[in-house]
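Following: one structure in structure tokens, then a few remarks.
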Amino acid sequence: MAEATASPNPSGGFWHRLANPARFQRLSAWLMPWLVLITVGCFGAGLYFGLYASPIDYQQKDTVRIMYVHVPAAWLAMMSYSTLAISGFVALIWRHPLADVAGAATAPIGAVFTFLALFTGAIWGQPTWGTWWVWDARLTSVLILFFMFLGYIAIRNAFDDRARAGRAASLLAVVGIVILPIIKFSVDWWNTLHQPASVSKLSGSSLDPAMLRPLLIMAVAYMALFGVLLLLRMRLELTRRQVEALQMARAGASAS
Amino acid sequence: MTAFWATLARDLLIARREGGESLLAVIFFVLGAMLFPLGVGPEGSLLALMAAGVIWVMALLATLLALDRLFQADWRDGTLELMALAPDSLTLVVAAKCLAHWLVTGLPMVIAAPIMALLLNLPPEGWPALLATLLIGSPALSFIGAICAALIVGARRGGVLMTLLALPLYIPTLIFGAGAVQAAIGGFDASGHLAALAAITLAAAALCPWAAAAALRQAME
Amino acid sequence: MTDDMSPLVSFFHMGGYWPYIWPAYGVVAFLLIGLLVLTLIGLKRSKQELEALEALAPRRRRRTAAPETGGSDDAQP
């Protein structure tokens with residue numbers, strides 16, 4: 001695989017051509033309407049099924065409906081961090097210019113999804129377990145993940161040199177994803193509070209299909225929204241970098 | 001391999017020249033633990049419940065405090081660049097620095113552990129486990145922390161940022177370390193926890209110097 | 001008690017759990033839409049900045065154009 005150089009070679013492969021901001025803009029413009037369509041459609045269907053056309057849980061009654069916003073948020077939190085790690089890996093190994101942009105764009109999205117998972121998890125916990133916060137395995141792991149997102153954002157902002165910041169953040173994300181399974185394993189193992197059986201069945205297929213449907217629809221809705229947000233934030237990041245480059249060029253020109 | 005021993009000797013010499021500065025971490029270790037009885041009350045049974053966890057958390061924080069110095073001084077005076085350019089592997093150099101760091105901060109913590117156990121009313125069943133876990137687990141803290149120290153070398157406000165980065169990574173070590181002591185106190189078998197802890201330390205010793213060296217090279221590009 | 005509620009009211013009542021369900025959904029909507037809106041606003045602002053800067057230095061990509069802005073040294077004879 002040819003190495004990506006600093007200036008994208010138009011005769012290079014698909015990814016190299018994508019590195020050209022203009023081409024990326026065109027691709028994202030093409031994708032966007034589809035993603036928006038899926039997002040709106042799935043949220044509509046998901047909310048309909050989740051809030052209205054689905055049964056209540058035997059034990060949890062209506063509060064099980066919170067699951068339809070909580071569990072997809074937790075899934076997207078994981079997916080966001082994976083995106084962070086993959087973009088970091090690509091940025092470090094292949095130096096693809098868009099990879100760094102993707103990482104910077106994903107971080108705040110991931111932080112928001114993680115926070116939502118925590119917040120909805122806490123709200124779900126109060127009627128279900130009688131406490132606003134409970135140190136169960138999933139919530140604890142998500143809380144740790146939240147701080148890993150904050151750390152990523154912090155390290156990006158810690159350096160004035162944008163390139164250095166990108167490299168440090170990319171490496172952090174890769175280290176993070178390697179240690180994350182170990183953290184998850186140790187937290188699972190540490191957890192002594194067992195979730196009620198009806199909630200712990202979420203990981204398996206023993207969930208009532210009528211409940212599985214809104215859950216999966218909402219999951220798709222979240223993923224499509226993630227795509228929309230990611231593309232938009234990448235455009236934002238690219239535009240900001242172009243502005244910065246022009247400003248520096250002007251400053252250099254007027255200084256000479 | 002000579003780079004390894006040379007770096008180890010050099011770092012230990014520097015630490016000895018700095019004298020008390022190296023022991024600040026251990027002082028913080030004991031002082032911090034002292035705050036807990038003052039905060040939650042001196043009731044023996046309460047302290048006994050918390051002791052293992054508190055001692056381990058203080059060990060994490062004390063290690064982080066000393067981690068700042070791991071690369072910062074060498075970065076500032078350019079020694080780090082020389083080390084990177086030298087023919088010997090930067091990974092070995094980093095491994096040596098981590099080992100030196102542990103000898104100067106981790107090992108004294110192990111030695112101070114009985115004092116901590118006494119102050120915090122750790123039940124006697126937990127004492128051997130405490131020493132064992134700190135001995136086995138504190139090197140992991142030095143090795144894992146080195147990655148974070150390498151990532152932020154030269155950054156502004158690097159110290160606090162490094163803490164934010166390192167604490168999540170320390171959690172498995174904390175869980176198994178404190179867990180082993182709790183298990184021993186409860187009369188259960190702690191060997192599983194100790195094995196996991198040992199595995200973490202060995203993996204950290206094998207992988208973290210390489211990752212930290214990679215981070216240093218990224219910093220110096 | 002729920003028998004004399006209209007279907008719409010009982011929907012919002014959510015079996016008594018409305019103080020949990022609606023805030024949960026509400027915060028999710030608020031934060032996700034908020035992130036979207038902030039991103040769009042930022043995008044609009046950045047584009048405006050970019051256009052303003054490009055208007056000031058239109059020959060940035062064309063080296064053959066006559067220097068109208070001046071100050072650039074890359075066209076020294």
Side-chain angles (χ1 to χ4, degrees), chain A residues 6 77 81 84-85 88-89 91-93 95 100 107 111 114 135 137 140-192, chain B residues 53 56 75 137 140 143-180 182-183 186 192-193 195-197 199-201 203-204 207-208 210-221:
Chain A
Y81 200 84
L84 221 57
F89 188 76
L92 287 173
I93 307 287
R95 310 288 173 113
D100 191 47
T114 316
W135 289 101
T140 308
S141 301
V142 174
L143 184 62
I144 297 171
L145 187 62
F146 184 64
F147 284 103
M148 291 175 78
F149 274 111
L150 293 187
Y152 182 93
I153 295 172
I155 206 174
R156 252 195 199 274
N157 292 330
F159 299 101
D160 293 316
D161 177 6
R162 195 187 266 286
R164 167 88 202 273
R167 289 195 303 268
S170 298
L171 197 52
L172 178 68
V174 171
V175 169
I177 201 89
V178 168
I179 301 203
L180 207 55
I182 305 175
I183 295 178
K184 185 77 175 63
F185 171 74
S186 62
V187 169
D188 281 343
W189 183 87
W190 158 88
N191 178 47
T192 52
Chain B
W56 256 97
W75 165 269
F143 282 112
I144 296 173
I147 300 181
C148 301
L151 280 173
I152 55 97
V153 75
R156 48 176 192 266
R157 312 207 53 224
V160 182
L161 174 59
M162 187 184 62
T163 314
L164 172 60
L165 300 179
L167 285 178
L169 304 184
Y170 277 164
I171 284 171
T173 316
L174 170 65
I175 287 177
F176 289 114
Q182 303 279 32
H193 307 238
L197 199 60
I200 292 177
T201 299
L207 299 171
C208 294
W210 176 79
L216 287 175
R217 282 203 205 92
Q218 298 288 357
M220 291 187 281
E221 264 178 33

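Numbered from 1 within each chain, the chains take letters A, B, ... in sequence-line order. Since the model is a prediction, treat every value here as computed from it, not as a measurement.
- In this structure, no portion of B/Val160 lies under 4.5 Å from any heavy atom of chain A.
- Looking at every heavy atom in both residues, B/Ala214 comes nearest to A/Leu171 through C-CD2, 4.0 Å.
- Ring orientation note: the planes of A/Trp189 and B/His193 are nearly perpendicular, at an angle over 60° on the 30°/60° scale.
- For B/Ala150, the part sitting under 4.5 Å from any heavy atom of chain A is the backbone (N, CA, C, O) and nothing else.
- For B/Leu161, the part lying under 4.5 angstrom from a heavy atom of chain A is the side chain only.
- A/Ile183 CD1 to B/Ile171 CD1: the interatomic distance, rounded to the nearest 0.5 Å, is 5.5 Å.
- Pairing each heavy atom of A/Ala158 with each of B/Ala155, the nearest pair is O-CB, 3.9 Å.
- Of all residues spanning residues 159-166 of chain A, those with a heavy atom less than 4.5 Å away from chain B's heavy atoms are A/Phe159, A/Asp160, A/Arg164, arranged by number.
- For A/Ile179, the part sitting under 4.5 Å from any heavy atom of chain B is the side chain, from C-beta outward, and nothing else.
- Of the atoms belonging to A/Leu92, it is side-chain heavy atoms, and not backbone ones, that fall under 4.5 Å from chain B.
- Put simply, CG on B/Leu151 and CD1 on A/Ile155 are 4.5 Å apart, with the number rounded to the nearest 0.5 Å.
- Rounding to the nearest 0.5 Å places CE of B/Met220 at 10.5 Å from CZ of A/Arg167.
- Between chain A and the options B/Leu164, B/Ile175, B/Leu174, heavy-atom pairs under 4.5 Å are most frequent for B/Ile175.
- In terms of heavy atoms, A/Ser186 sits closest to B/Pro172 at OG-CA, 3.5 Å.
- Contact of A/Val178 with chain B is not made at all, since no heavy-atom distance falls under 4.5 Å.
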